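Before any comments, here is the structure.
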Amino acid sequence: MKGKKNIALLLLAACLLPVSSAFAQQGFDSQTRTVNKRGTTAADFLGIPVGARATALGGAITAAVSDPIAIYWNPAGIAGIEDVSFTGEYANWLAAIDFNFLAVVIPSRFGVVGVGITSMRTPDMEVTTVAMQDGTGETFDASSYAVALTYARALTDRFSIGGSVKLVQERIWNSSSGGLAFDVGTQFETPLRGVRLGASISNFGTKLQIGGDDLLARVDVDPNNRGNNESNRALLKTDRFDLPLIMRIGLAGEVFQRDGNRLTLSIDALNPNNSEQYLNAGAEIGLLGDLIMFRGGYSELLLENSVRSFTVGGGLRYEFAPIHFGVDYAFEQHEYFNAVNRFTVTMRF
């Protein structure tokens with residue numbers, strides 16, 4: 001039992017409450033060591049891109065998003081939705097982890113309301129200990145969830161604003177952590193040939209601290225005293241970690257538009273609290289009135305040691321009255337892991 005608890009604590013520290021990768025070099029030299037912000041936040045699943053269209057554009061979507069995935073990227077993006085809309089996404093994420101997103105948006109005369117659910121879950125893993133390295137016969141898993149309630153409204157025919165409140169929870173084995181987060185965003189269509197500006201702040205909220213039965217331990221409070229109780233029950237206390245706060249500023253516009261065909265370029269500048277600043281860039285070609293679309297993008301430009309790179313994808317839109325149906329695909333290349341394929345389905349009623 002003691003070995004099982006130790007393994008659980010190691011998994012908790014590695015998976016849910018990462019500590020800062022503080023040293024830029026190793027060794028016992030006299031050179032100055034630099035500290036970066038990598039691995040300093042909890043709930044890092046909140047930084048995984050949502051939606052095949054947004055992913056294929058390299059994440060450069062803050063100013064261009066106008067469907068239910070805006071709940072994740074920029075809440076103001078749902079303000080222009082005029083029909084009840086649904087979006088669902090499935091991705092086999094890194095290391096066989098399932099990543100899913102569901103969203104429903106309902107317009108009304110008072111504004112547009114949406115609900116979005118993000119989930120990430122690992123497959124079952126075998127419990128091992130120092131004494132039983134081939135497994136104890138037990139299994140465990142880990143999961144992360146975020147449920148967002150979003151409201152957006154167009155204040156003028158060119159300017160929209162929106163916000164979300166999110167319940168965030170992470171769990172591993174018999175322990176969990178939870179907190180509350182807020183998103184806010186705006187979109188503005190400039191008079192300059194439909195050029196659009198967007199800005200959002202995501203995941204501003206409480207710190208996360210893990211707790212649960214896996215943090216119970218047996219300790220000897222006075223190891224030098226042979227007559228005391230050597231099996232006192234103690235509850236370990238972990239540090240509190242910030243959520244991955246992200247500020248995005250985006251620009252998007254059509255550089256070509258004629259006879260139902262268009263070419264849209266977009267770029268986003270991001271300033272996260274757990275990484276250095278970087279850029280995302282993307283391009284989208286729409287043919288036959290957006291019946292067919294092709295996309296490409298590049299993520300984490302100007303970021304040293306980036307883990308994401310180029311993305312490509314496409315989409316189809318068709319109307320089966322009274323349902324407008326869309327399907328999107330994205331291929332996302334990673335620097336150190338296998339590529340990820342993403343599929344998103346969207347319906348408007």
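These numbers were taken from a predicted model, which means no experiment stands behind them. One-based numbering along the sequence shown.
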Starting from the C-alpha separation in whole Å, work towards a yes-or-no answer on side-chain hydrogen bond (donor to acceptor under 3.5 Å, both in side chains) for E126 and T139.
CA-CA 4 Å; E126 200 170 57; T139 60; over 6 Å; no

pair R196-T62: side-chain heavy atoms closer than 4.5 Å
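Not touching, per the 4.5 Å side-chain cut-off.
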
What heavy-atom pair brings L215 and S175 nearest, and what distance separates the two atoms?
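Looks like N-OG, 4.2 Å.
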
Passes ring pair (Phe, Tyr, Trp, His ring centres under 6.0 Å), F310 versus Y298? Steps please.
CA-CA 4 Å; F310 74 89; Y298 206 97; 7.2 Å; no

Measure the spacing between OG1 of T264 and CE of M293 and express it to the nearest 0.5 Å.
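Rounded to the nearest 0.5 Å, the OG1-CE separation comes out at 10.0 Å.
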
Look at the side chain of D214 and the backbone N and O of N174, then say whether any donor-acceptor pair between them is shorter than 3.5 Å.
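Side chain of D214 to backbone of N174: a pair is present.
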
With a 3.5 Å distance limit and no angle check, can you tell me whether N280 reaches the backbone of E300 through a side-chain donor-acceptor pair?
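Side chain of N280 to backbone of E300, a donor-acceptor pair under 3.5 Å: yes, one is there.
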
Measuring centre to centre across the rings, with the benzene-like ring taken for any Trp, is Y318 within less than 6.0 Å of F320?
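Under 6.0 Å, so yes.
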
Students often mix this up, so state it plainly: with edges at 30° and 60°, are the rings of H334 and W93 parallel, tilted or perpendicular?
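Judged by the thresholds at 30° and 60°, the geometry between H334 and W93 is perpendicular.
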
Would you say V50 ends up clustered with F45 if hydrophobic residues are merged whenever their side chains have heavy atoms under 4.5 Å apart, either directly or through other cluster members?
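Per the 4.5 Å side-chain linkage, F45 and V50 are co-clustered.
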
What do the steps show when you test D183 against Y72 for side-chain hydrogen bond (donor to acceptor under 3.5 Å, both in side chains), and what is the final call?
CA-CA 9 Å; D183 301 347; Y72 171 87; over 6 Å; no

Could you check whether atom CG of N338 has more than 12 heavy atoms from other residues, nucleotides or ligands sitting under 6.0 Å from it?
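Not buried by this count: 12 neighbours or fewer within 6.0 Å.
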
Just wondering, more than 12 heavy atoms not from D134 lying within 6.0 Å of its CG?
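Counting other residues, nucleotides and ligands, CG of D134 stays at 12 neighbours or fewer.
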
Steps toward side-chain contact (heavy atoms from CB on, under 4.5 Å) verdict (R248, I61):
CA-CA 10 Å; R248 297 182 177 92; I61 195 84; over 6 Å; no

